[in-house]
Amino acid sequence: MSPLSLARAAADELAARTGITRLDIAVTLGSGWKSAIDHLGRPVAAIPAAEIPGFAASGVAGHSGLLTVVELASGEHALVIGARTHLYEGRGVDAVVHGVRTAAAAGAHTVVLTNGAGGLQPHWKPGQPVLIRDHINLTATSPITGAEFVDLTDLYTPRLREIAKDVAPDLEEGVYAQFPGPHYETPAEVAMVGRIGGTIVGMSTALEAIAARQAGLEVLGISLITNLAAGVQDQPLDHSEVLEAGRLAEPYLGPLLARIVSRLTEK
Ligand code: HPA
């Protein structure tokens with residue numbers, strides 16, 4: 001089955017299981033963002049992702065493994081994706097962007113991509129959310145095959161970033177560099193990112209944003225800085241500390257994300 005047919009099948013199955021035939025916005029919850037689901041609105045149905053065509057149970061701690069349809073205060077419906085597939089899981093790029101394509105097939109106009117990531121700015125603190133202004137794709141791959149030349153100028157929609165900053169004026173912006181992972185970067189790789197203009201390092205989001213733009217969606221990206229990147233901080237990186245930073249930030253992140261999503265879907 002082609003990736004777009006698989007996304008269509010997933011959207012149809014979600015509609016059949018939830019009774020909601022059109023989704024307006026999708027929100028992907030990365031590491032540290034899981035509990036935001038409690039703040040977004042009224043859950044209509046929470047479905048183990050593995051039961052929907054093309055999705056798999058998340059192999060990564062910190063992800064719920066659920067696809068949840070939520071009714072927002074505006075009456076619009078959000079698909080909350082708690083089952084991100086990462087490139088390093090080896091399921092291929094189409095699996096990585098399947099959630100975004102499913103949201104597009106279900107009618108979504110906007111996707112909010114969240115993640116946990118390393119920061120290059122020494123003044124950033126673990127637990128701090130940062131808006132993604134642009135990205136550098138260091139995965140050497142693309143979700144697009146064939147001669148389709150999608151424009152990525154303003155990939156992270158300026159209008160949506162302005163709305164987010166209106167909600168939280170202290171939000172800073174950064175440039176997200178996606179590595180394939182799953183190992184963290186070396187200090188030399190982090191230094192390279194700094195020289196080429198990146199300020200955030202992570203293992204997701206950029207490929208999903210590209211697929212979203214190909215599908216005509218507007219994109220907002222927010223990174224939770226869980227740690228300073230390798231070499232920026234002097235201690236070694238530890239995944240349990242990454243998860244802990246997420247846990248500590250959750251009480252702040254959930255309401256923040258809910259306020260932003262609510263503004264994005266205001267009529
Ligand atoms: N690098 C890449 N991915 C990450 C990091 C990091 O430092 N922290 C959390 N996810």
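Whatever order the structure lists them in is the order used to number ligands and atoms, beginning at 1.
For the side-chain hydrogen bond (donor to acceptor under 3.5 Å, both in side chains) with Thr85, the lone residue among Glu208, Arg91, His98 that qualifies is Arg91.
One side chain, Glu250 or Ser35, offers a donor N or O that lies under 3.5 Å from an acceptor on the other.
Listed by atom number, the atoms of ligand 1 under 4.0 Å from Met203 heavy atoms are 2 (C), 3 (N). Atoms of ligand 1 lying under 4.0 Å from at least one heavy atom of Asn227, given by number and element, are 5 (C), 6 (C), 7 (O), 8 (N), 9 (C). Distances below 4.0 Å separate heavy atoms of Gly116 from the following atoms of ligand 1: 9 (C), 10 (N). Counting atoms of ligand 1 from 1 in the listed order, those under 4.0 Å from a heavy atom of Leu237 are 7 (O).
Given atom 1 (N) of ligand 1, the protein heavy atom at minimum distance is Glu185 OE1, 2.8 Å. Looking only at heavy atoms of the protein, atom 3 (N) of ligand 1 is closest to Gly202 CA, 3.5 Å. Protein heavy atom in closest approach to atom 9 (C) of ligand 1: Thr226 OG1, 3.3 Å. Scanning the protein for heavy atoms near atom 5 (C) of ligand 1, the closest one is Gly118 N, 3.4 Å. Considering only non-hydrogen protein atoms, atom 4 (C) of ligand 1 sits nearest to Tyr184 CE2, 3.7 Å.
Under the 4.0 Å criterion applied to side-chain N and carboxylate O atoms, Glu162 and Arg159 are not assigned as salt-bridge partners.
Annotation: side-chain hydrogen bond (donor to acceptor under 3.5 Å, both in side chains) contacts involving residues 11-21, sequence neighbours excluded, comprise Arg8-Asp12, Arg17-Glu51. The list of side-chain hydrogen bond (donor to acceptor under 3.5 Å, both in side chains) pairs with a residue in residues 119-132, not counting sequence neighbours, reads His123-Glu172, Trp124-Glu172.
The two residues Tyr156 and Ala209 make their nearest non-hydrogen contact at OH-CB, 3.3 Å.
At a heavy-atom cutoff of 4.0 Å, ligand 1 is contacted by both the backbone and the side chain of Val201. In Asn115, neither the side chain nor the backbone holds a heavy atom less than 4.0 Å from any atom of ligand 1.
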